[in-house]
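Heads up: numbering here begins at 1 and tracks the sequence.
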Amino acid sequence: NTDSISLPTEHRQAGANLGYALAISGNTLAVGAPGWDLLNDGSGHRYNNVGRVYVWVRQADGKWKFQTAINNPRPPVNYWTDSYFSYRVRLFGDTLLVSLADNVSGRDGSIDVWDRTNTAWVRAQPIPYTGVIDDVAFDGTFAVIGKGKGADEVQVWRRAGGKGTAFNLATTLTPADGYPNLFKKAFGASLALSGNRLIIGAPEDTLGISLSIGSTSPFKVPSTSCNI
């Protein structure tokens with residue numbers, strides 16, 4: 001089967017949750033393993049749920065060739081601090097976004113940026129975002145981060161200069177109609193981005209007295225801001 005994807009034996013680990021997050025762009029596939037454990041830090045210490053990303057590239061004959069493993073660049077603080085690097089991965093061309101932690105862990109998350117030159121992945125300046133991460137969308141220029149549950153906020157970050165340059169905050173989006181029923185909407189819990197169109201999901205939006213009916217909102221993404 002030319003489409004089979006195999007992880008080298010030396011990288012296999014029980015509980016790593018390989019495949020929890022996936023991203024594909026062209027012939028490159030990034031696979032998250034947020035449960036990967038650092039079994040030995042060189043001093044005999046083990047750290048749980050550090051996380052790792054694995055990258056494959058599809059060859060001309062249709063076979064997927066393992067390219068590399070990308071390690072969590074942040075050193076673990078202690079053995080019980082789970083960072084879940086690669087809980088979400090987003091890939092566009094030669095740029096990979098990787099989230100650390102999330103709302104499930106009860107801590108703020110962050111977004112790492114990795115750029116590829118030839119076959120080498122180099123960590124670029126992270127997106128200077130701190131907060132809950134429910135979803136991420138990325139098109140190479142805009143990185144959209146949904147805070148969703150508990151925050152009802154979406155941040156749009158723009159990278160104007162291409163690989164190696166920083167992301168800057170372009171705008172922050174909130175529900176257009178506010179909170180007529182005083183209930184949070186989970187606005188930003190899911191995102192879809194294509195071209196200049198951004199769709200934001202709010203699965204806990206209400207309609208009258210009916211809770212969690214849900215809704216979606218379309219936005220336009222121009223060069224520096226977003227508008228309905």
**Q** Checking Gln13 side chain against Asp37 main chain: does a donor-acceptor pair fall under 3.5 Å?
**A** yes
**Q** Tell me, please, which residues at least two apart from Tyr129 pass side chain to side chain contact (heavy atoms under 4.5 Å, CB included).
**A** Ile127, Ile133, Ile145, Lys147, Gln155, Trp157
**Q** Does the Asn118 side chain pair with the main chain of Ala120, one donor and one acceptor, at a distance under 3.5 Å?
**A**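 No; judged by distance alone, with no hydrogens or angles, the pair does not exist.
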**Q** Phe138 vs Phe92 aromatic rings, parallel, tilted or perpendicular, using cut-offs 30° and 60°?
**A**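 The rings of Phe138 and Phe92 stand perpendicular, inter-plane angle above 60°.
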**Q** Regarding Asn168 and Arg158, is there a side-chain donor-to-acceptor distance under 3.5 Å anywhere?
**A** no
**Q** Mark yes or no for whether Asp152, through its side chain, and Phe187, through its backbone, hold a donor-acceptor pair below 3.5 Å.
**A**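 Yes, the answer is positive, given that a donor and an acceptor are paired below the 3.5 Å cut-off.
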**Q** Taking Val113 as the fixed residue, which of Val98, Thr95, Thr165 is the one that meets the side chain to side chain contact (heavy atoms under 4.5 Å, CB included) rule?
**A** Thr95
**Q** What class does the angle between the rings of Tyr54 and Trp56 fall in, given that below 30° is parallel, 30 to 60° is tilted and above 60° is perpendicular?
**A** tilted
**Q** Taking Val53's backbone N and O only, do any of them form a donor-acceptor pair with Ser86's side chain (distance below 3.5 Å, no angle check)?
**A** no
**Q** For Asp135, is there an ion pair with Arg90 - N to carboxylate O distance below 4.0 angstrom?
**A**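 Answer for the salt bridge query: yes.
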**Q** Is Arg88 reaching over with its side chain to a backbone N or O of Asp134, donor-acceptor style, under 3.5 angstrom?
**A**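 Yes, the answer is positive, given that a donor and an acceptor are paired below the 3.5 Å cut-off.
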**Q** Would you say the side-chain atoms of Asn72 pair up with the backbone N or O of Arg52, donor to acceptor, closer than 3.5 Å?
**A** no
**Q** Under the side chain to side chain contact (heavy atoms under 4.5 Å, CB included) rule, collect the residues that match up with Val57, sequence neighbours excluded.
**A** Thr28, Gln59, Gln67, Arg116
